[in-house]
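Shown next, in structure tokens, is the structure this report addresses.
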Amino acid sequence: MGKYIIQRVLQAIPLVFIITMLVFVLMKIAGDPLAYLAQDPRVRPLDRLVLRAKYGLDDPMVMQFIYWVFGDEGVERPVDVDNDGETDFTTVGVRRGIIRGDFGESIRFRKPVTEVIGQFLPNTLLLGTTAFVVTIILSLVIGVFAALRQYTLADNIITAGTFITYSMPVFLLALILVQIFAIQFRRWGLPSLPVSGMYDPRGNQSIDELVRHMILPVASLALINIAGWSRYIRATMLEVINSDYIRTARSKGISERRVVFLHALKNASLPLVTLIGLNLPFILSGAVITETIFSWPGMGYMYINALDQFDASLVVAFVLMIAVAVVFFQLLTDVVYAWLDPRIRYD
Amino acid sequence: MAVMEQQSHTAGPVTRLGARPKGESLWIDAWKRLRRNRLAVLGAVIILINLLVAVFAPALAPKDYKTQVLADNNAAPEWVISLFPNMKAKGTEGGFVTVNNSYLLGADSLGRDLLSRIIYGARVSLAVAFVGPVVSIIIGLIVGVVAGFFGGRVDNILMRLVDIMYAFPTFLLVVLLMAFFRTSFGGVQQPGTLAYTLGELDASMGGMLFIFLGIGMTSWMQMARLSRGQVLSVREKEYIEAARSIGTPTRAIMVQHVLPNILGPLIVAETLTIPTYISYEAFLSFIGLGVNPPTPSWGGMISEGARSIATYPNQALFPALALFFVMFAFNFLGDGLRDALDPRMRGVD
């Protein structure tokens with residue numbers, strides 16, 4: 001087991017390195033980070049020269065990459081203001097490198113990128129985790145139920161329902177939910193649900209208010225995902241329930257409940273581990289569409305805004321964070337899977 | 001169903017040894033199976049209707065999709081008003097909606113006919129539905145077949161590339177690429193450069209070129225993995241060995257024996273991914289990175305309509321329904337194709 005973990009970690013390290021390099025190249029292709037200053041009449045050419053030196057934009061690419069990753073504290077760069085070949089003064093680098101969490105400053109928020117992410121991440125985690133948990137629980141219930149009643153009326157209704165929600169673009173579902181629970185409910189005098197933001201803008205910031213704001217986004221996220229997941233659970237459950245060891249267990253006279261929950265579900269949940277593990281990192285990235293529709297101040301919302309404003313350092317930090325999270329959770333999934341199912345380790 | 005199939009296989013005319021039996025090719029067989037799947041046929045019919053609507057959009061659209069009649073902004077016909085109780089016709093108490101029955105589904109906030117825009121919007125969705133898979137199959141097939149066929153170091157490098165691409169969430173990458181395309185190729189460019197040509201080409205296609213590129217460049221990895229696996233498994237099959245032993249040249253083996261045998265799963269996988277492509281386009285247009293206005297796209301229309309969902313729900317719901325039907329149809333067709341081309345997989349999902 002230890003050997004397997006080490007082997008997998010060793011495979012992941014170059015992957016993370018290459019991803020970091022790719023993101024860096026992407027950032028460089030995206031253009032000159034100081035280009036926006038060219039439009040500003042208040043910025044003298046001299047200032048741009050100093051800024052170029054400060055950010056090390058004239059360093060060789062390899063050095064720029066190394067500084068970006070590990071920081072350039074104490075690196076001195078000579079600035080030749082009047083272009084006479086003499087060094088007029090030197091700038092000293094202060095960046096600490098992404099490895100120590102320094103992604104630079106966000107242009108839009110005028111704050112360190114890590115602070116901006118720290119501001120949006122909790123909101124996304126709150127929404128994403130809740131939707132995730134709801135999805136898993138409900139799809140387990142629905143999937144197992146449908147598998148145990150294969151081809152009955154109930155199973156067929158569930159199948160039809162999942163097919164419909166599966167094809168539904170998330171905004172159609174969100175719009176329908178808004179139309180019913182926010183607009184029509186208010187007309188009918190029923191307690192209606194709020195449709196945007198996390199809290200009432202009038203200042204009521206209680207937990208109660210937060211929960212009410214979460215219902216619709218969580219419901220639309222969960223409903224979309226339950227469709228695919230419950231089908232998947234139904235399929236794995238069917239596969240297991242028709243296998244020999246289940247028949248053996250039944251023939252020994254074990255109660256049906258024990259057979260289903262102890263023998264079948266335990267084995268059927270193995271592939272579920274993969275599904276959960278591979279989907280966990282995407283909680284971080286936030287649900288771009290859902291967050292946009294419900295104006296939820298999360299990562300997806302931030303990402304779209306950052307792209308809109310050409311906030312390069314924020315976009316880069318975000319993409320890199322998600323990519324590394326994907327690699328990490330893949331690794332974790334593999335290890336957990338190998339721990340749960342010893343057969344994996346020996347192939 | 002399974003019993004019927006067995007019968008149809010055994011009850012055929014007995015062929016004499018040595019005589020060439022009248023074989024049914026995989027595709028004819030698959031077509032027969034597909035026709036029996038009612039939901040898949042329904043999906044195919046919906047797609048066909050959509051295709052016809054998209055092709056004959058100028059003839060079918062009752063009005064011009066970009067003519068703005070500001071007097072008729074947010075107008076709606078009577079049946080739509082009676083359908084949504086929160087829309088109140090002008091003249092009634094608290095009424096605010098202009099009644100105009102010449103707009104069959106209503107007009108948007110700029111006074112453009114919704115139905116005509118939905119009809120023209122089918123063009124964008126279907127274009128993405130057909131070009132997306134083509135781009136992704138071409139890139140994926142080349143990478144996968146090369147990796148699978150040559151093996152060794154080439155295989156290793158290409159598959160690590162796929163691993164890396166997989167680490168980026170597709171939708172975020174598409175959004176990033178779109179923003180990148182728009183900033184580096186859009187706007188004012190020097191005529192004669194590649195960026196200028198690409199920008200012009202994209203503008204002439206109403207912004208669709210970049211969508212194709214963005215979606216194609218981010219969704220070939222699954223194809224590459226699949227086709228590599230297929231090549232690996234097919235490469236060792238007896239019939240390949242047989243073909244090799246009678247001296248068939250390698251290229252002929254690849255084209256005549258390997259390719260037809262790996263194509264089935266690829267087509268199935270792509271058909272099942274089509275709804276994803278359609279939704280990517282809709283999402284992109286929804287967040288304003290999709291087609292250029294005034295080219296109508298369902299995602300863009302939903303985004304515009306969503307702003308006034310409380311007062312004019314028809315403006316967002318009708319395009320959303322159109323999108324839903326097309327995605328639904330492709331899902332069912334893909335499912336049917338999978339069952340038809342690979343009967344072993346029936347009932348797995």
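Letters go in sequence order (proteins before strands), and every chain restarts at 1. These numbers come from a predicted model, not from an experiment.
When the candidates A:Ser167, A:Pro169, A:Pro14 are compared by the number of heavy-atom contacts under 4.5 Å with chain B, A:Ser167 comes out ahead. Put simply, of A:Ile164, A:Val170, A:Ile293, the one with the most heavy-atom pairs under 4.5 Å next to chain B is A:Ile164. Heavy-atom pairs under 4.5 Å with chain A were tallied for B:Leu176, B:Leu173, B:Leu317; the largest tally goes to B:Leu176. Considering only heavy-atom pairs separated by less than 4.5 Å from chain B, the leading option among A:Ile176, A:Ile289, A:Val23, A:Val326 is A:Ile289.
The main-chain N or O of B:Phe286 is found under 3.5 Å from a side-chain atom of B:Ser303 such that the two form a donor-acceptor pair. Distance alone, capped at 3.5 Å, is enough to place a donor-acceptor pair between the A:Glu291 side chain and the A:Gly300 backbone.
A:Arg8 is linked by a salt bridge (Lys or Arg N to Asp or Glu O under 4.0 Å) to A:Asp334, counting only residues two or more places apart in sequence or in another chain.
No part of A:Val324 comes within reach of chain B, as not one of its non-hydrogen atoms sits under 4.5 angstrom from that chain. Neither the backbone nor the side chain of B:Leu39 comes within less than 4.5 Å of any heavy atom in chain A.
The stretch residues 321-331 of chain B places B:Leu321, B:Leu323, B:Phe324, B:Met327, B:Phe328, B:Asn331 near chain A, each with some heavy atom under 4.5 Å from a heavy atom of that chain.
Using a 4.5 Å cut-off on side-chain heavy atoms (C-beta onward), B:Phe332 and B:Leu42 make no contact.
Electrostatic pairing of B:Arg225 and B:Asp163 counts as a salt bridge here, judged by a charged N lying under 4.0 Å from a carboxylate O.
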**Message:** Please determine whether side chain to side chain contact (heavy atoms under 4.5 Å, CB included) holds for the pair A:Phe132 and A:Leu280, giving the CA-CA distance in whole Å, both sets of side-chain angles, and the decisive distance to 0.1 Å.
**Reply:** CA-CA 8 Å; A:Phe132 200 68; A:Leu280 270 177; 3.7 Å; yes

**Request:** Evaluate side chain to side chain contact (heavy atoms under 4.5 Å, CB included) for A:Val288 paired with A:Tyr301, printing each intermediate quantity in order.
**Result:** CA-CA 6 Å; A:Val288 177; A:Tyr301 185 74; over 6 Å; no

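Counting heavy atoms of neighbouring residues, nucleotides and ligands inside a 6.0 Å radius, atom CE of B:Met159 exceeds 12 of them. Within a 6.0 Å sphere centred on OH of A:Tyr166, heavy atoms belonging to other residues, nucleotides or ligands number 12 at most.
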